[in-house]
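Before any comments, here is the structure.
Numbering starts at 1 and runs along the sequence shown. For the numbers below, each heavy atom of this structure counts, side chains included, while hydrogens, waters and symmetry mates do not.
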Amino acid sequence: MWGQRLFAGTAVAQSVSFPGLVQMDEDTHYNKVEDVVGSHVEDAVTFWAQNVSKNKDIMKIGCSLSEVCPLANSVFGNLDPKKIYGGLFSEDKCWYRCKVLKTISDDKCLVRYIDYGNTEILNRSDIVEIPPELQFSSIAKKYRLWGLQIPSGQEVTQFDQGRTFLGSLIFEKEIKMRIKATYQDGTVIAQAEYGTVDIGEEVAKKGFAEKCRLTSGIDACEAKKPDPNQLALRSLKNPIPLWGRRSNQSTFSRPKGHFNGRLTLDVKYETSAGNHVTFPKESLAAGDFNLGSNVSLAKIKQDQKLIEENEKLKTEKEVLLENYKALELKVEQTAQELQQEKTATMDLTKHLESTLKTCVGTRLKNLAAKVELLKEIRHINISIRFGNDLSDAMQVLDEGSFTTLASLNELEKIWAEYNVAQEKIQTCLNENEGNILIAERNEVQQKLFVAVDVFILEVDDLPLDKRLKTLQDLATSLESVYGKAKEGTNNSEETLRKFYDWQCTKREEFASIRSETEASLQHLVAWFQSSQKVFDLSLDEPLTSEDLIGNIDEILEKTESCVCKELELSLIEQGVIDKEIILSTYSQVLQKIHSEEKFIATLLSKYKDSVEFKKQMIDCLNKNPNVDYLLSIKKTLKGLKAQLRWKLVEKSNLEESDDHDGTEIEKIKQEITQLRNSVFQEIYHEREEYEKLNSLTQKWFPELPLLYPEIGLLKYMNSGGLLTMSLERDLLDTEPMKELSSKRPLVCSEVNGQPVLLKGYSVDVDTEGRVIQRAASYHRACGYAKEESGLLPLIFLFLCKSDPVAYLMVPYYPKANLSAVQASMPLTSEEALKVMKGVARGLHTLHSANIIHGSLHQNNVFALNREQGIVGDYDFTKSESQRASVNAMVGGLSLLSPELKTGKPPSASSDLYAYGCLFLWDDNVKSLLCSLIYFRSSMTAEQVLNAECFLLPKGKSVPIPEKEIECTQHSREDESKMESLDRYSEKTRNGEANP
């Protein structure tokens, strides 16, 4: 049982507890700190709280009670005050564990909710028995503030205000409880702290409680404790605060508290020396302060006052001592900081002294390095910083651009007229009117032929390939420099104007800075040249110091400034405004490139269409396609079918005769087989010819169905090439499939050596068209993907001439559906992955064509050769909603998705739900399948098809990173589904699952 497993650990813990006196270990529990959350307040010094470590247990208890209590029996007879019951809380109508405090009347009882501490008067009908596994200690504990008591004679109003004030400090807040002692009834005496706030002191400051006198502190505190039942009744009148099933219930927990007889207490005190001394309650009551002694009451009060003053002085002394130590530490830190500052100043002085000795040399060396870097930069093309590459690109675009062609405009105009003429013919139903429209179309066709010829000649003279290559290279070079262009830029003329203004300004600024740099360097060189004559002793007339040109310090400063400016302009990254201008211009240039590329692509596409049109017109101008070959095939088919029917009659007569010859019958059977093969061969030839005519009708000759209604081309086109008028039921050698004919007649046959299945659908005038339309949509989706469709292919659709029945021919795969395979020999993990991938591909094919399967179950999912999974077809007489309304089951689990059960229409998401349920027995892909069940709204069949588990060898599963699932967070309903699937998985592995 789930509850037994959940609370096994708690039950063991309870078995070793002692119900009597709570004896606390002094070394272990005194001053032990617990983190709790307040849940209920009784008075200004007494409250209930839950340990934060129990945050998960309360959720488990709530889940168990919600399952057990609604089905449990209401209590009757005398109620046991020590027993735990389930109570229905009136505020939220949820079940909680409770104990009966008092029987009010025959129908009403006062109860305490032991996991929260509050009380309520309940009807007996709202109190039920709960199983033994829920009979364990409460999660909430009763706490009493250390050293405080309710003042004697306190008024009711002040009492309620005290409860409200304490509730504001502790209710639903995480507080720290420093344990001092424990009463026998479980009440914990503790010091409460919320952050840096001492809750007991705050209550005492407000006057809602007073400190216990040291002479009889414990007795006084106990004396002030109100009767539990009276306090519970007061709480009912003034609940502070109300509680129910909170939105963040996992933050809280639940406990028990009970009152039994006289309270026994072990209390700890600390002496001034820090030693712990234990004073039992009895010794405090009649020990050190014996009221029968010779000491007068005045003397006792005087001694007590001295003790209090002594304690106050000790406290002040400790505070002063702490302040002294803090000041002493601060002085020491300040001295260390001053010493560090002094050392740093001396080091800096030494550094400056050594630097002054090499100041000139260092400056010249640094300047030389910068000048060397500047030379390298000047040799590198930095035109990109000023958008020169963009200017060059715009020049390329302006010089050889292709914007429009006169012949293209004329061609598009005539081509639009031609398309309108073709559409009129296609929608025409009258033959005479159709002939007029065909004549008009032919005139437009002649004009179009001439326009096409002119357009082709003009395009042949244009260097489109060369221009397209230039544009592609230009776009690639710009994208390699600037990256991806931003979208949505407008007002190209304004953007280009800003760019040109910005470029001119930057070029002027750069030219000015460069000229200043060159002038300052020349001035420095001139100074060095003149100084050479001053220091050259070999000259007859050396220069004096007054003859030097300028001040070297000013010259160096000027030169360094100019060189740094040019380096900064060349190296430092451009500002936000500069980047914005360049990137906006780049976007405009790239848009122009793409616009011209698109225009060239349009030209090339029109050129290709024009060449094809010209070729077709040369072959078909002024003549219609020939349908004689199709008619000859139909005539041949008619003769073959007549021969086949005659042979069938002849065979039947021989079999019914009394003296039939077995050799003759065998010969006739062979002839019948040959005739059937010939009939199907001609039917396939007929389909090929229909496909050719269909292509001509779609492209050039929409009048074919109107001119030749006898060939049934329009029906063929509407059915997507699936419908045939040449196939009949009596031409096939069929065998009834009774085991599969529960819903509709099914027969098995053979066509060209391939087993096929004929599905019969009863149709009338209204449903016949819908069946053909739905089957055609399925057939087209299957045909687009071809062999990779993952769908069961449709071979033929034909109508019975004698009965209102439509027959659908599909391949027959005996015992290959998933139900039969799992019943005979369940798929291995590797095989299951292959089959799952194929089924996902089939769903993807249908969903890409906007088709909802709606009827996915284990009997129409096939595992061909135990490795290729395909999706079977569905009932084409039913709509999506009708198909989805059938509640298929697998392993006791409904394949109907939750949204279908609420009446919502079927969708791709509901298909994926059924897909996930079908394969949940495979443990290796649990992560993917859980995603299908819980996150279907954000998943598609294509994402399932590309899941990592289908790419890994041996079916090894990897969780989907965007949707990591912790199944423990799911609802109880989903967990029950998982358990049902686990049971089904086990049955499947053991070969016990029903097909």
Side-chain angles (χ1 to χ4, degrees), residues 340-392 480-482 499 501-583:
Q340 292 174 358
E341 190 70 24
K342 180 180 178 181
T343 304
T345 304
M346 294 177 65
D347 293 341
L348 179 61
T349 303
K350 293 179 180 178
H351 175 71
L352 290 175
E353 290 177 353
S354 60
T355 302
L356 288 174
K357 297 179 180 177
T358 58
C359 178
V360 176
T362 302
R363 290 186 68 180
L364 289 174
K365 184 178 180 181
N366 293 338
L367 180 60
K370 292 177 182 178
V371 171
E372 185 177 358
L373 177 60
L374 186 60
K375 288 180 182 178
E376 295 177 1
I377 291 174
R378 286 195 176 187
H379 284 91
I380 299 174
N381 183 17
I382 61 167
S383 60
I384 184 176
R385 294 184 60 81
F386 305 117
N388 291 359
D389 51 349
L390 295 176
S391 301
D392 297 339
S480 64
V481 175
Y482 298 104
F499 170 73
D501 294 343
W502 172 83
Q503 192 179 49
C504 292
T505 303
K506 286 294 181 181
R507 283 177 176 173
E508 290 176 0
E509 180 184 355
F510 186 72
S512 174
I513 291 175
R514 176 168 285 191
S515 61
E516 289 181 4
T517 302
E518 291 175 351
S520 62
L521 286 172
Q522 290 176 0
H523 194 184
L524 180 63
V525 170
W527 187 90
F528 278 115
Q529 288 175 350
S530 62
S531 63
Q532 181 181 6
K533 296 179 181 179
V534 173
F535 298 106
D536 191 354
L537 299 176
S538 61
L539 295 177
D540 296 335
E541 296 181 0
L543 296 178
T544 62
S545 58
E546 287 82 6
D547 297 329
L548 288 175
I549 303 172
N551 187 335
I552 184 59
D553 293 325
E554 295 178 356
I555 295 173
L556 280 175
E557 186 70 26
K558 178 66 174 177
T559 305
E560 286 175 344
S561 175
C562 293
V563 170
C564 288
K565 280 185 180 180
E566 186 172 346
L567 286 175
E568 181 179 358
L569 189 61
S570 304
L571 295 177
I572 294 180
E573 192 174 350
Q574 293 169 330
V576 177
I577 298 177
D578 296 344
K579 284 184 178 180
E580 182 67 24
I581 293 174
I582 290 178
L583 291 178

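- Contact of the Ile552 side chain with the Leu524 side chain is registered, since non-hydrogen atoms from C-beta on lie closer than 4.5 Å.
- To the nearest 0.5 angstrom, Thr505 atom OG1 is 10.0 Å from Asp578 atom CG.
- Judged as a side-chain hydrogen bond (donor to acceptor under 3.5 Å, both in side chains), and not counting sequence neighbours, Ser520 has no contacts.
- Residues meeting the side-chain hydrogen bond (donor to acceptor under 3.5 Å, both in side chains) test with Glu516, sequence neighbours left out: none.
- Residues passing the salt bridge (Lys or Arg N to Asp or Glu O under 4.0 Å) test with Asp553, sequence neighbours excluded: none.
- Applying the side chain to side chain contact (heavy atoms under 4.5 Å, CB included) rule to Lys370 yields the partners Val563, Cys564, Leu567; only residues at least two apart in sequence or on another chain are considered.
- Applying the side chain to side chain contact (heavy atoms under 4.5 Å, CB included) criterion to Asp501, with sequence neighbours excluded, gives Arg497.
- With sequence neighbours excluded, no residue satisfies salt bridge (Lys or Arg N to Asp or Glu O under 4.0 Å) with Asp392.
- Ser515 places a side-chain N or O within 3.5 Å of a backbone atom of Ser512 that can act as its donor or acceptor partner.
- The list of salt bridge (charged side-chain N to carboxylate O under 4.0 Å, His left out) pairs with a residue in residues 557-566, not counting sequence neighbours, reads Arg363-Glu557, Arg363-Glu560, Arg378-Glu566, Arg514-Glu566.
- Between Phe528 and Leu364 the shortest side-chain heavy-atom distance falls below 4.5 Å.
- For Val525, the side chain to side chain contact (heavy atoms under 4.5 Å, CB included) partners two or more places apart in sequence, or in a different chain, are Gln529.
- Distance check, rounded to the nearest 0.5 Å: CG of Leu374 to CG of Leu521 gives 7.5 Å.
- Of the inter-residue distances, the one linking Glu372 atom CD with Leu367 atom CG reads 11.5 Å to the nearest 0.5 angstrom.
- Evaluation of the side chain to side chain contact (heavy atoms under 4.5 Å, CB included) rule for Ser391 yields Phe499, Gln503 as partners, not counting sequence neighbours.
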For residues 342-349, which side-chain donor-acceptor pairs fall under 3.5 Å, sequence neighbours excluded?
from: Thr343; atom 1: OG1; to: Gln339; atom 2: O; distance (Å): 2.9
from: Thr345; atom 1: OG1; to: Glu341; atom 2: O; distance (Å): 2.8
from: Thr349; atom 1: OG1; to: Thr345; atom 2: O; distance (Å): 2.9

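- Looking only at side-chain heavy atoms (C-beta outward), Tyr482 and Ile582 come within less than 4.5 Å of each other.
- The distance from the CD atom of Glu518 to the OG1 atom of Thr559 is 12.5 Å, given to the nearest 0.5 Å.
- Surrounding CG of Leu352 are more than 12 heavy atoms belonging to other residues, nucleotides or ligands, all under 6.0 Å away.
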